[in-house]
Number of protein chains: 2
Amino acid sequence: MNNVTINAREKINDAIEAALINEDINQFRDEFLKIHPYDQSEFFEAQTEEVRYLIYSYLSPEEMADVIEHVEREKQSDFIVEMNPTYAAQVLANMATDDAVDLLNDLDKNKVASYLTIMPEDEADEIKDLLHYEEKTAGSIMTTEFVVVNTHMTVKEAMRHLRKAAPDAETIYYIYVVNDDQQLIGVISLRDLIIAEGDLTIDEVVNRQIVSVSVGDDQEDIARMMRDYDFLALPVVDFQNHLLGIITVDDIMDVMDEEASDDYSKLAGVDVDDVDQNPITAAKKRLPWLIILLILGLFTASIIARFEETLEQVALLAIFIPLIAGMAGNTGTQSLAVAVRGIATGEFQKHGIVKTIMRESITGMITGITCGLAIWLIIFIWQGTMFLGFLVGLSIAITLFVATISGALVPLLMNRLNIDPAVASGPFITTINDIISITIYFGMATMFMQFLL
Amino acid sequence: MNNVTINAREKINDAIEAALINEDINQFRDEFLKIHPYDQSEFFEAQTEEVRYLIYSYLSPEEMADVIEHVEREKQSDFIVEMNPTYAAQVLANMATDDAVDLLNDLDKNKVASYLTIMPEDEADEIKDLLHYEEKTAGSIMTTEFVVVNTHMTVKEAMRHLRKAAPDAETIYYIYVVNDDQQLIGVISLRDLIIAEGDLTIDEVVNRQIVSVSVGDDQEDIARMMRDYDFLALPVVDFQNHLLGIITVDDIMDVMDEEASDDYSKLAGVDVDDVDQNPITAAKKRLPWLIILLILGLFTASIIARFEETLEQVALLAIFIPLIAGMAGNTGTQSLAVAVRGIATGEFQKHGIVKTIMRESITGMITGITCGLAIWLIIFIWQGTMFLGFLVGLSIAITLFVATISGALVPLLMNRLNIDPAVASGPFITTINDIISITIYFGMATMFMQFLL
């Protein structure tokens with residue numbers, strides 16, 4: 001950020017704090033309402049409970065709604081709960097409907113019901129309509145505050161309607177056009193509306209090539225569409241093409257962020273958004289994966305235990321266990337990550353499973369043979385034994401080939417079965433490939449024992 | 001996407017293809033120009049070279065610029081190169097300046113120079129101005145096509161200016177306000193401009209609380225700011241606050257996508273965007289990491305080799321190697337991912353290094369003790385030996401503790417040294433933790449050898 005802006009902001013923050021200390025409501029309002037709602041929210045979050053109560057008494061519910069909208073999602077409900085219920089209901093009523101719904105989803109049902117009862121009826125109805133859409137669908141992230149005009153209106157009438165609707169609308173840059181049955185038939189950008197002649201009817205200027213999404217569509221697909229088409233908003237319709245709401249680009253940015261951190265979390269086997277938590281909560285979140293992996297690791301151990309006799313004869317075999325298992329894990333994670341990403345961006349669907357697996361097989365063969373030859377040479381130089389190097393090299397080659405395929409195959413099959421492929425996460429694939437690679441290595445060692453002794 | 005829309009699009013696509021087969025330029029233009037540029041680009045990309053030549057001859061450079069802008073970044077330059085140079089230069093001149101610059105950055109310098117020579121001078125100058133900004137900074141993603149007004153103008157004059165400037169501007173929803181020295185002093189949203197009285201001067205209605213970024217700022221920081229503040233565009237200034245350009249939300253969505261796939265790639269140790277490549281290129285991209293890990297794996301092997309004597313006495317020790325190394329790797333990746341993400345979202349900077357490491361230490365201690373006790377119990381039941389279980393359990397406990405800290409410490413230190421923390425990627429941390437865990441395990445086994453025999 002610009003330095004000039006940062007210095008200016010610090011000065012303003014000091015002024016706001018001074019106003020709160022002096023309990024000077026006018027000075028507080030003067031300074032506080034000047035800054036951007038995001039900065040307001042940052043300031044607000046940093047205050048103690050006592051100061052927050054003061055702020056509630058200094059700001060109208062409308063002004064407070066702006067602040068709460070910009071507070072981090074997880075913390076919003078904590079603040080709503082500490083307000084007095086009438087004030088809280090008014091704040092909720094003044095928030096963008098989609099944001100209010102997200103917040104209410106974090107509260108228990110009794111609380112929600114009581115807020116909805118105190119709230120003005122029309123606001124409560126809008127929220128109720130949205131509350132029952134499934135999470136992560138178009139319905140759950142859309143807002144009902146948009147500008148809509150009828151085909152019969154003239155451009156001038158539409159402009160007048162727009163001016164009136166502007167203060168409540170989430171975006172005024174797209175004006176949606178419906179017929180008498182409330183079915184979506186097109187869109188006009190504000191840009192086109194401004195340029196158009198005032199006497200024309202909307203019917204004459206509407207753009208009928210409109211892209212819409214269905215209310216049940218997945219939010220990740222919608223984010224991709226918005227990015228590809230460079231839209232600022234997308235209309236949401238039901239199966240009969242009735243216009244239900246719109247999804248705006250600011251909500252989609254949050255979705256993109258959420259989905260990215262979701263995929264990342266799954267690859268790492270941990271919820272990466274636990275930065276803020278205390279160690280006990282963090283440990284609780286990480287332990288389930290670790291315990292599962294501990295048990296899977298015991299399988300690997302039990303496989304080696306079967307080859308105890310082989311191991312007792314040639315203890316040297318043990319030193320390459322981490323190398324072989326590690327290489328299998330790493331290469332599997334590589335092809336898993338490519339597959340998960342390919343499925344997410346829709347690239348894989350274009351190519352088809354068979355072609356993808358073919359491609360991964362050849363990739364695995366090339367990396368396998370290269371690494372296998374390299375390790376053979378290195379072990380020959382290091383240990384001076386020709387056959388041990390050959391055994392490790394061959395194991396690495398086969399392991400890399402198999403691990404590359406399994407890393408791609410597992411998420412592809414999961415996707416086919418409509419399971420989120422990202423749950424075939426890094427640690428899981430790593431352990432599976434441990435087991436495969438150890439079996440190959442010790443299997444071959446036992447088979448060729450005569451050459452090792 | 002809506003089914004209605006998909007069916008309609010398929011019908012249109014068929015009509016376009018028919019027009020191309022009949023070489024009917026009018027029908028082609030009628031149908032093709034009706035659809036969204038993104039759909040145009042999808043259609044265009046699916047054609048053979050021969051058909052593409054036909055399309056070049058049917059579309060004006062202006063129309064073609066729209067298509068090319070929506071083609072995937074990596075493929076854009078291939079198409080430009082196959083056009084005849086005069087046509088290509090005109091296409092480039094008609095693209096949004098920032099997109100044209102991105103494309104030209106993929107070409108060799110001679111080609112760029114020749115296109116710039118053929119192009120209209122003012123377009124060429126705009127592109128040249130942007131070409132020398134460093135990659136991934138505000139300068140490299142901004143566009144110079146924005147609407148700017150002076151403080152002296154009236155609202156009515158500004159509206160008139162806006163109508164004239166609209167066709168070339170990348171966004172008209174924010175109008176930036178400068179003083180006579182071209183320094184940025186504020187912004188008016190189109191929303192506010194529409195509502196304002198026509199006779200007021202811009203000076204009276206301008207919003208002076210403007211957030212701007214510096215031309216050298218990192219694109220990831222800008223993306224975060226845009227998401228937090230819900231802006232549709234951000235102005236870019238130099239150190240004297242002169243307005244240089246704007247960054248629009250559609251470019252930021254591409255940045256978010258790029259950064260997310262970048263972090264994901266680093267955690268997996270592979271460029272996940274290689275989905276489209278042939279197996280040989282894919283193998284070439286994956287091999288460097290695998291070779292590095294192979295060599296790191298040899299370190300692990302050499303450490304075990306030092307304990308060969310211990311191993312020969314108790315071969316049973318070998319069976320828990322993958323388990324211990326695997327747990328160390330997994331837990332290290334977990335805390336690495338949390339740390340990388342925490343740094344990226346700015347959460348960590350708030351807490352400071354010491355507090356974060358303290359937190360991770362306690363987390364590591366809790367997970368370590370839990371997993372250690374679990375494995376002790378399991379091995380006691382499975383193998384019936386008290387001490388082997390105790391040894392493995394204690395190793396796991398210490399390992400998890402150390403691996404958790406190192407997973408967080410390495411990226412935090414890297415960030416301090418201004419190295420991208422994400423390069424301390426999953427496979428790397430995994431191998432480091434392999435080495436640590438194996439040393440702990442065998443070190444303790446050797447120390448307590450008398451109890452094992």
Is there side-chain contact between A:I304 and B:F320, with heavy atoms separated by less than 4.5 Å?
no
With respect to chain B, which residue among A:R191, A:M226, A:E259 yields the maximal number of heavy-atom pairs within a distance under 4.5 Å?
A:R191
Heavy-atom distances under 4.5 Å only: say whether B:T248 touches chain A with side chain, backbone, both or neither.
neither
Indicate the atoms forming the closest heavy-atom contact of B:D257 with A:M256, along with that distance.
OD1-CE, 3.7 Å
Around atom CD of B:E309, are there more than 12 heavy atoms from other residues, nucleotides or ligands closer than 6.0 Å?
no
Let me know if A:L317 has heavy atoms under 4.5 Å from chain B in its side chain, its backbone, both or neither.
neither
Top residue by heavy-atom pair count (under 4.5 Å) with chain A, among B:T363, B:D250, B:N207?
B:T363
Any residue meeting side chain to side chain donor-acceptor pair (under 3.5 Å) with A:S41, in chain and number order, not counting sequence neighbours:
none
Once you round to the nearest 0.5 Å, how far does OH of B:Y264 lie from CG of A:D263?
5.5 Å
Side chain from CB out, backbone as N, CA, C, O: work out which of these in A:D251 comes under 4.5 Å of a heavy atom of chain B, or both, or neither.
neither
Tell me, do B:L232 and A:L232 make a side-chain contact under 4.5 Å, heavy atoms counted?
yes
Heavy-atom pairs under 4.5 Å with chain A are the metric here; pick the option from B:T300, B:T404, B:I321, B:I379 that has the most.
B:I321
Is B:M365 close to chain A through its backbone or its side chain, or both, or neither, when contacts mean heavy atoms under 4.5 Å?
neither
Bottom line for A:E312: the part with an atom under 4.5 Å from chain B's heavy atoms is both
Please confirm whether the backbone N or O of A:T367 pairs with a side-chain atom of B:R286, one donor and one acceptor, at under 3.5 Å?
no
Report the distance from atom CD1 of B:I280 to atom CZ of A:R359, rounding to the nearest 0.5 Å.
11.5 Å
Student check: side-chain heavy atoms of B:S302 and A:I319 closer than 4.5 Å
no
Checking heavy atoms, do the side chain of A:L290, its backbone, both or neither come under 4.5 Å from chain B?
both
Checked A:M253, A:R163, A:Q334 vs chain B; the most non-hydrogen pairs under 4.5 Å come from A:Q334
Among the options A:A260, A:A325, A:A318, A:P37, pick out the one with the most heavy-atom pairs lying under 4.5 Å from chain B.
A:A318
Do A:S189 and B:Y173 have side chains that get closer than 4.5 Å, going by heavy atoms?
yes
Over 12 foreign heavy atoms within 6.0 Å of CZ, A:R306
no
Contact origin within A:S361 toward chain B - heavy atom pairs under 4.5 Å
neither
State which residues pass ring-ring contact (aromatic ring centres under 6.0 Å, His included) with B:F231; sequence neighbours excluded, sorted by chain then number.
A:H36, B:Y229
Which atoms of A:T370 come close to chain B, meaning under 4.5 Å heavy atom to heavy atom: side chain ones, backbone ones, both, or neither?
side chain
Among the options B:I172, B:D228, B:I324, pick out the one with the most heavy-atom pairs lying under 4.5 Å from chain A.
B:D228
Considering only heavy atoms, which portion of A:M358 lies under 4.5 Å from any heavy atom of chain B: side chain, backbone, both, or neither?
neither
Could you check which of B:A315, B:G297, B:A337 has the highest count of heavy-atom pairs closer than 4.5 Å to chain A?
B:A337
Between B:R227 and A:D254 (side chain of the first, backbone of the second, donor and acceptor by atom type, cut-off under 3.5 Å), is there such a pair?
no
Do A:L316 and B:L311 have side chains that approach each other closer than 4.5 Å (heavy atoms only, starting at C-beta)?
no
Which atoms of B:I362 approach chain A - backbone, side chain, both or neither, heavy atom under 4.5 Å
both
A:I194 and B:L190, any side-chain heavy atoms less than 4.5 Å apart:
yes
Count the heavy-atom pairs under 4.5 Å between each of A:I375, A:I291, A:I195 and chain B, then report the option with the highest count.
A:I375
For chain A, which candidate among B:A301, B:G326, B:G364 shows the most heavy-atom pairs at distances under 4.5 Å?
B:A301
Compare every heavy atom of B:P279 with every heavy atom of A:I366, then report the nearest pair and how far apart it is.
CD1-O, 4.2 Å
Side chains of B:L294 and A:I396, heavy atoms from C-beta outward: is any pair under 4.5 Å?
yes
Decide yes or no for A:W382 and B:L298: does some side-chain heavy atom of the first lie under 4.5 Å from some side-chain heavy atom of the second?
yes
Please classify the contact of B:D221 with chain A as side chain, backbone, both or neither, using a heavy-atom distance under 4.5 Å.
neither
